[in-house]
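Chain letters run A, B, ... following the sequence lines, proteins first, then strands; residues in each count from 1.
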Protein chains: 2
Amino acid sequence: MPITIKQIAKKANVSIATVSRALSGDSKVREDTKKLVLKIAKQLNYNPNILARNFVKGKSNIIGLVLPDISDEYFSEIIRSIDDTSYLNGYYTMVMSSHENRSLTESINTMMNSGIVGGFILLIPFINSEIKKALNSGSVPFVLISGDDDIGDFDVVTTDNYQSAFRMVEFLVVKGYKKIAHISGPPDNNDASLRKKGFLNACSKYKIDVKKSWLAKGNFTMESGEKACSKLLNEKEKPDVIFAANDMMALGCYKAIHSIGLKIPVDIAITGFDDILISEYANPSLTTIRVDTDRIGKVAAERLIEKMNGSINKTIQKKEIASQLVIRSSC
Amino acid sequence: MPITIKQIAKKANVSIATVSRALSGDSKVREDTKKLVLKIAKQLNYNPNILARNFVKGKSNIIGLVLPDISDEYFSEIIRSIDDTSYLNGYYTMVMSSHENRSLTESINTMMNSGIVGGFILLIPFINSEIKKALNSGSVPFVLISGDDDIGDFDVVTTDNYQSAFRMVEFLVVKGYKKIAHISGPPDNNDASLRKKGFLNACSKYKIDVKKSWLAKGNFTMESGEKACSKLLNEKEKPDVIFAANDMMALGCYKAIHSIGLKIPVDIAITGFDDILISEYANPSLTTIRVDTDRIGKVAAERLIEKMNGSINKTIQKKEIASQLVIRSSC
DNA sequence: ATATATAATGTAAACGTTTACATTGCTGTT
DNA sequence: AACAGCAATGTAAACGTTTACATTATATAT
């Protein structure tokens with residue numbers, strides 16, 4: 001019982017083709033017929049059947065968004081950012097979380113083959129050959145959002161993990177720190193390894209001697225940060241600052257440090273990476289790196305829409321979104 | 001160029017109707033034809049065109065999810081939970097954020113009239129007559145997720161704001177606190193007013209004398225909590241515990257208290273509401289109330305799917321999801 | 001006024017699937 | 001062997017929109 005162009009056509013005494021043209025606006029329709037059709041459409045509260053439109057056009061104006069198997073505080077920001085951008089360009093956003101019941105490849109296959117989306121964005125913490133294969137199996141355009149752009153011949157939007165970690169070290173060096181420790185993230189995580197690499201290369205550039213025992217291992221959890229920090233504090237030569245590969249581990253360091261009565265940043269300084277909500281309010285507030293999630297979503301969506309429109313640029317594009325050093329009181 | 005049932009039909013030497021029936025499984029098709037069709041479908045890597053299916057069936061298996069104009073850390077959990085439930089029932093999830101560019105009513109109208117979704121869930125912090133009107137304007141089923149179930153004749157899933165606030169006070173009373181202050185949230189926010197109501201009624205039941213000056217006003221931000229707390233600390237008769245209507249304000253209290261050198265919970269105790277990520281890691285960890293977002297999403301999605309399937313229960317359902325008191329070190 | 005070009009509109013097919021209805025094939029009963 | 005009854009399959013229409021192509025109306029040039 002929703003209004004269709006047929007009813008408009010009848011009421012306006014024109015053919016459905018004219019109605020369609022008047023509504024889509026781009027074809028040649030006489031000004032007054034167009035006005036009439038628009039008026040009647042409005043009057044009847046007509047809304048185009050999007051499913052029918054997508055179906056007949058053979059392409060969908062729905063953008064798929066594949067989320068990985070983890071809950072992350074910044075996902076809702078990315079989702080919102082992508083949805084905003086999509087909306088402004090006349091697209092809708094469909095989410096698809098991967099989890100125990102639905103694997104990532106299954107999600108990709110649905111995106112590729114069901115026709116339900118015209119393109120998709122994949123939030124992907126790591127890549128493997130199975131995923132690559134799935135991504136190469138179809139012709140639906142997509143863009144990746146990842147921590148690493150070295151993941152094959154795909155369009156990808158990344159954070160500048162390496163650069164930011166590098167700059168963090170530079171900042172610490174300028175501040176006068178000499179003994180810098182690092183707590184790294186999971187070894188199979190791209191963000192983690194790039195941050196570590198940035199750390200190491202910066203240290204090497206600025207002639208900071210990194211003791212092996214100062215390269216602690218964590219897994220991005222607060223607990224692992226706490227544990228790693230305790231270990232560092234037990235070294236006979238203690239670092240004077242710890243650069244954790246993410247904020248959660250940095251806050252774990254807070255715990256370890258406070259528990260033995262030391263003070264940040266007086267006794268030891270801490271820095272993190274991510275600028276999660278809590279970091280601003282921690283005591284002391286945490287110096288860290290803010291990822292521009294808003295921009296990441298926007299850039300990814302814009303690039304995807306470009307591809308969906310079949311516009312010019314066919315070459316693979318790697319876009320790195322700059323993060324920002326957020327200087328607070330922890331160092 | 002995606003595979004269609006036509007190609008399967010040709011290859012299997014049957015009509016497209018038989019293919020359709022074999023694939024949908026529910027009609028009477030001979031066992032061996034069914035097997036043959038399924039085999040060929042698999043072999044050709046057939047995926048049904050969902051747009052076409054939805055279109056011809058006149059209904060969509062996409063569930064819309066309308067998000068309000070705020071970024072909230074628990075949204076990604078709700079989104080995930082809804083998507084999980086949808087997926088398990090054969091549905092997809094489409095998000096639609098409301099914001100400056102797209103009003104809430106506009107989102108509702110799209111959901112109602114474009115045919116793109118078969119039903120939708122509305123995350124809604126408050127309701128007004130314009131929204132009510134929009135909701136009453138169509139025939140697409142929907143479910144609300146709100147802080148208050150007293151928002152008209154709609155299916156709604158709520159948190160038990162009132163009950164939980166009530167129980168928080170009970171808990172504080174049992175703990176021996178006598179002078180309880182409250183920092184309320186925005187006056188037009190349902191969650192906020194129900195929490196305040198629960199607080200007041202519990203105080204009244206347990207004969208807790210609530211001084212007028214102990215009813216501070218905030219707006220859910222950390223700053224407002226800090227300010228309200230400072231004011232409370234300047235009263236000649238200070239409360240011995242402050243129950244903030246949300247965690248952010250509770251953490252604002254932390255700031256105010258620490259800044260003048262007092263200790264929590266020794267000098268004054270604090271409790272919150274929401275159990276945001278940061279609360280567990282605050283110092284001291286915050287006693288608060290955890291909203292079961294996972295369950296909220298699941299229940300809302302299940303109820304919506306029930307309605308979309310046109311199953312039995314047509315009467316309005318108000319479902320209140322129980323929250324959990326999380327006892328930590330701040331009181 | 002006529003011919004021509006072009007603008008406006010109409011006609012009808014197409015998209016992939018489901019499904020009401022029609023037809024065919026098979027089984028068992030007499 | 002004839003027929004009923006039902007199971008299996010086929011035929012074709014339908015869904016709402018767009019769009020290639022056909023037709024008609026209008027404007028322009030002669």
Side-chain angles (χ1 to χ4, degrees), chain A residues 1-38 40-41 44-62 90 92 110 113-118 140, chain B residues 1-38 40-41 44-62 90 92 110 112-118 139-140:
Chain A
M1 76 208 64
I3 308 299
T4 70
I5 53 170
K6 265 190 199 166
Q7 296 163 61
I8 299 178
K10 202 170 167 189
K11 204 153 181 178
N13 255 315
V14 295
S15 72
I16 57 164
T18 301
V19 174
S20 174
R21 283 189 276 252
L23 290 171
S24 60
D26 47 9
S27 293
K28 28 192 107 174
V29 182
R30 223 176 50 221
E31 199 53 42
D32 50 344
T33 21
K34 189 172 167 181
K35 260 188 188 150
L36 177 67
V37 168
L38 257 43
I40 293 178
L44 295 178
N45 190 28
Y46 168 78
N47 285 79
N49 183 320
I50 295 179
L51 255 29
R53 174 181 295 171
N54 284 343
F55 167 55
V56 67
K57 284 202 164 188
K59 62 183 181 180
S60 168
N61 71 336
I62 302 174
Y92 296 102
T110 304
N113 299 310
S114 68
I116 199 168
V117 300
V140 174
Chain B
M1 76 208 64
I3 308 300
T4 70
I5 53 171
K6 263 190 200 164
Q7 295 164 62
I8 299 179
K10 200 171 170 188
K11 203 154 184 177
N13 254 315
V14 294
S15 72
I16 57 166
T18 301
V19 175
S20 174
R21 283 189 276 253
L23 289 171
S24 60
D26 47 8
S27 294
K28 27 192 106 176
V29 183
R30 222 173 54 217
E31 199 53 39
D32 50 345
T33 19
K34 188 172 166 180
K35 260 188 189 149
L36 177 67
V37 168
L38 255 44
I40 294 177
L44 294 179
N45 189 29
Y46 168 78
N47 285 80
N49 182 320
I50 294 179
L51 255 29
R53 175 181 292 171
N54 284 344
F55 167 55
V56 67
K57 285 202 164 189
K59 62 184 183 181
S60 167
N61 71 338
I62 303 174
Y92 296 102
T110 304
M112 284 291 183
N113 299 309
S114 68
I116 200 170
V117 300
S139 57
V140 174

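For the atom pair CG (Leu51(B)) and CG (Leu51(A)), the distance works out to 5.0 Å, reported to the nearest 0.5 Å.
Remark: Val140(A) engages Met112(A), Phe120(A) in a side-chain contact (heavy atoms from CB on, under 4.5 Å) (not counting sequence neighbours). In this view, Lys10(B) satisfies the side-chain contact (heavy atoms from CB on, under 4.5 Å) rule with no residue, not counting sequence neighbours. Partners of Asp32(A) under the side chain to side chain donor-acceptor pair (under 3.5 Å) rule, at least two apart in sequence or in another chain, are Arg30(A). Take Ser60(A) and apply the side chain to side chain donor-acceptor pair (under 3.5 Å) test, not counting sequence neighbours, and it matches no residue. Residues passing the side-chain contact (heavy atoms from CB on, under 4.5 Å) test with Lys59(A) are Lys57(A), sequence neighbours excluded. Among residues two or more places apart in sequence or in another chain, the side-chain contact (heavy atoms from CB on, under 4.5 Å) test is passed with Asn61(B) by Ile50(B), Asn54(B), Tyr91(B), Tyr92(B).
For the segment residues 7-20 of chain A, residues with any heavy atom less than 4.0 angstrom from an atom of DNA chain D are, sorted by number, Ile16(A), Ala17(A), Ser20(A).
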Enumerate, atom names and distances included, each donor-acceptor pair closer than 3.5 Å involving a side-chain atom of residues 11-20 of chain A, sequence neighbours excluded.
unit_1   : atom_1 : unit_2   : atom_2 : d
Ser15(A) : OG     : Ala17(A) : N      : 3.4
Ser15(A) : OG     : Thr18(A) : N      : 3.3
Ser15(A) : OG     : Thr18(A) : OG1    : 3.3

For each nucleotide in nucleotides 22-28 of chain D, reading 5' to 3', give B when a protein heavy atom comes within less than 4.0 Å of its base, S when such contact involves only the sugar-phosphate, and - otherwise. -------
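Using five terminal pairs a side, the axes of the helix from dA1(C)-dT30(D) to dT30(C)-dA1(D) at its two ends make an angle of 50°, given in steps of 10 degrees.
Taking side-chain N and O atoms only, Arg53(A) has a distance below 4.0 Å to OP1 or OP2 of dT18(D).
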